[in-house]
Amino acid sequence: MKLMKFPQRYLIVVLTFVSTCVCYIERVGFSIAYTVAADAAGINQSDKGTILSTFYYGYALSQVPGGWAAQKIGGRKVLLLSFVLWSSTCFLVPLDPNRVTILVVARLLVGVAQGFIFPSIHTVLAQWVPPHERSRSVSLTTSGMYLGAAMGMLVLPSLVKFKGPQSVFLAEAALGVLWSLLWFEYATDPPRSEHPKAAAAGFGESLLPTDASPKTKLEKGGKSTKIPWKKILFSKPVWAIVVNNFTFHYALYVLMNWLPTYFEQGLQLSLQEMGSSKMMPYLNMFVFSNIGGVVADHLITQRIMSVTKTRKFLNTIGFIVASLALMALPIFRTSSGAILCSSVALGFLALGRAGFAVNHMDIAPRYAGIVMGVSNTAGTLAGIIGVDMTGRLLEAAKIEYSDLSSPESWRSVFFIPGLLCILSSFVFLIFSTGERIFD
């Protein structure tokens, strides 16, 4: 009976938090397991890059369709189907680095399936979470990504060492199935009785997909559920979100993929000797993401700032501080200094998510999943572009400076995302709004 008193929307938020955590354990886990298996099989770097990047192509392709599907049949159902698909793929596909075609298809499937997750989550949260709780709810949900990445990096290498690379696939599949069972059992669509002012507040049953006939729609006032694609694609506030999502993921994926190389080749440090300290940047993201959500909701509910000013304030603080830390990173030549600097950069980037990343539900609660799909497509493309460009920059620097141990070799790597952070913060300051602009 005590469990029944726990508000259903809080349970929904906790489950979506766990879902993002599990997804990032899967992403980190595949990278760890495949790298070990590929190195043992003598796979060259080009083929390894092909397999590792395939996920992001599938992920980018399914963002907008994911938002559309969540809008049409409901985020709750799409989220469940997504987890079932990628978990089944992990369970059924053998980790054989020599069977490149099978792994490419499998990673493409996992990428497509996980591409539906965040648009679906935003659709679900827009239905369940009232406006004054959105910042901390979205921040908690997305912070699962960083906790999942940290947990994966900390635990999964030991699993590979003692049980082999294939065990990671099985463990990930088991986590995915377990979450699917919990979601199937406890997740529901919000009943109207819990949200009597749903239409006015911008959440609740009014946002759920409907199978009503055209006649029924006319009887309800002639409102159509047709998605305003043109208005979305030409909206300046939407593009402010898209630009900031691009920058956030450019910086995040560059650091996730190249920071280990910076430690080993730039600073001549051993990752194994660094121990758990290398997890600090991701744990810092987890902490700062939730701090940003709580601060944003406090500023709004206490009427210290309007929604618009709150989003702009936190986005600007987060991205400007992150830009300074990114550009200063090559200056630090010790492990503690580099960990501190990268932790500040990633932590304040996560703080900035209380600005742009929640803004989908401010301006378009009914179409939050679709707007999220559009902006997350840009974010995924940023990862592909940033990781590839960084590799080219380092290859050129290696030719010019003979190795990657000098600060000059890394200056452009971190300077580019630093400049993007500054540019994006000004774009958000000028063009964003916290007001609802899509009915």
Side-chain angles (χ1 to χ4, degrees), residues 19-66 69 78-121 144-145 148-149 151-153 155-157 159-161 163-181 183 249 253 256-257 373 376-377 379-381 383-384 387-388:
S19 75
T20 61
C21 187
V22 171
C23 285
Y24 267 67
I25 289 175
E26 188 282 326
R27 296 187 199 184
V28 170
F30 177 81
S31 177
I32 293 171
Y34 174 73
T35 299
V36 171
D39 288 344
I43 303 298
N44 63 48
Q45 299 300 314
S46 177
D47 287 342
K48 284 169 63 177
T50 299
I51 299 297
L52 291 172
S53 64
T54 300
F55 170 90
Y56 295 103
Y57 287 100
Y59 192 70
L61 289 172
S62 61
Q63 292 292 320
V64 175
V78 174
L79 192 53
L80 178 61
L81 290 172
S82 171
F83 259 77
V84 170
L85 178 57
W86 76 253
S87 300
S88 301
T89 304
C90 286
F91 179 78
L92 295 173
V93 175
L95 181 54
D96 185 349
N98 294 307
R99 302 171 73 176
V100 176
T101 302
I102 292 177
L103 281 178
V104 166
V105 172
R107 293 310 293 168
L108 191 63
L109 277 175
V110 173
V112 168
Q114 291 200 15
F116 281 71
I117 289 175
F118 280 96
S120 299
I121 285 175
M145 300 186 300
M151 291 172 61
M153 291 288 285
V155 174
L156 294 180
L159 184 62
V160 172
K161 180 179 179 180
K163 296 293 184 179
Q166 187 69 43
S167 65
V168 173
F169 274 29
L170 299 178
E172 292 166 353
L175 287 174
V177 170
L178 178 60
W179 183 90
S180 299
L181 292 174
W183 186 253
H249 284 95
Y253 287 134
M256 282 183 66
N257 286 276
N376 227 27
T377 299
T380 308
L381 292 175
I384 296 171
V387 172
D388 180 67

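Values below: every heavy atom of this structure, side chains too, minus hydrogens, waters and symmetry copies. Residues take their numbers from the sequence shown, with the count starting at 1.
Counting only distance, with no hydrogens or angles, the side chain of Ser82 and the backbone of Val78 share no donor-acceptor pair below 3.5 Å. Within the 3.5 Å criterion, the main-chain N or O of Val22 finds no donor-acceptor partner in the side chain of Glu26.
If you take CG on Leu108 and CG on Leu61, they are separated by 7.0 Å, rounding to the nearest 0.5 Å. For the atom pair CD1 (Ile117) and CG (Leu81), the distance works out to 11.5 Å, reported to the nearest 0.5 Å. The distance from the NE2 atom of His249 to the OG1 atom of Thr377 is 11.0 Å, given to the nearest 0.5 Å. Leu109 contributes atom CG, which lies 11.0 Å from atom OG1 of Thr54 (distance to the nearest 0.5 angstrom). Note: Ser19 OG to Ile121 CD1 = 3.5 Å, rounded to the nearest 0.5 Å. Note: Trp179 CH2 to Leu175 CG = 12.5 Å, rounded to the nearest 0.5 Å.
Nearest heavy-atom pair, Met151 versus Cys21, reported as atom, atom and distance to 0.1 Å: SD-SG, 4.0 Å. Between Gly176 and Ser87, the shortest heavy-atom contact is CA-OG, 3.2 Å. Minimum interatomic distance between Ser62 and Val112 (heavy atoms only, all atoms of both residues): OG-O, 2.8 Å. Nearest approach of Gly373 to Gln63, heavy atoms of both residues: O-CB, 3.1 Å. Shown here for Ile25 and Leu156, the closest heavy-atom pair between the two residues is O-CD1, 3.7 Å. Closest non-hydrogen pair, Gln166 versus Leu95, comes out as OE1-N, 2.7 Å.
Side chains of Phe116 and Leu85 form no contact here, defined as non-hydrogen atoms less than 4.5 Å apart. Residues Ile32 and Val160 form a side-chain contact, since some pair of their non-hydrogen atoms from C-beta on lies under 4.5 Å apart. In this structure, Phe30 and Arg107 have side chains that are in contact, with non-hydrogen atoms separated by less than 4.5 Å. The side-chain heavy atoms of Met145 and Cys23, taken from C-beta on, include no pair separated by under 4.5 Å. Inter-residue side-chain proximity for Ile102 and Asp96 is flagged as unmet; no heavy-atom pair is nearer than 4.5 Å. In this structure the side chain of Val168 never reaches within 4.5 angstrom of the side chain of Tyr34, judged on heavy atoms. With a 4.5 Å cut-off on side-chain heavy atoms, Val104 and Tyr57 do not count as touching.
Below 30°, between 30° and 60°, or above 60°: for Trp86 and Phe83 the angle between ring planes is between 30° and 60°, a tilted geometry.
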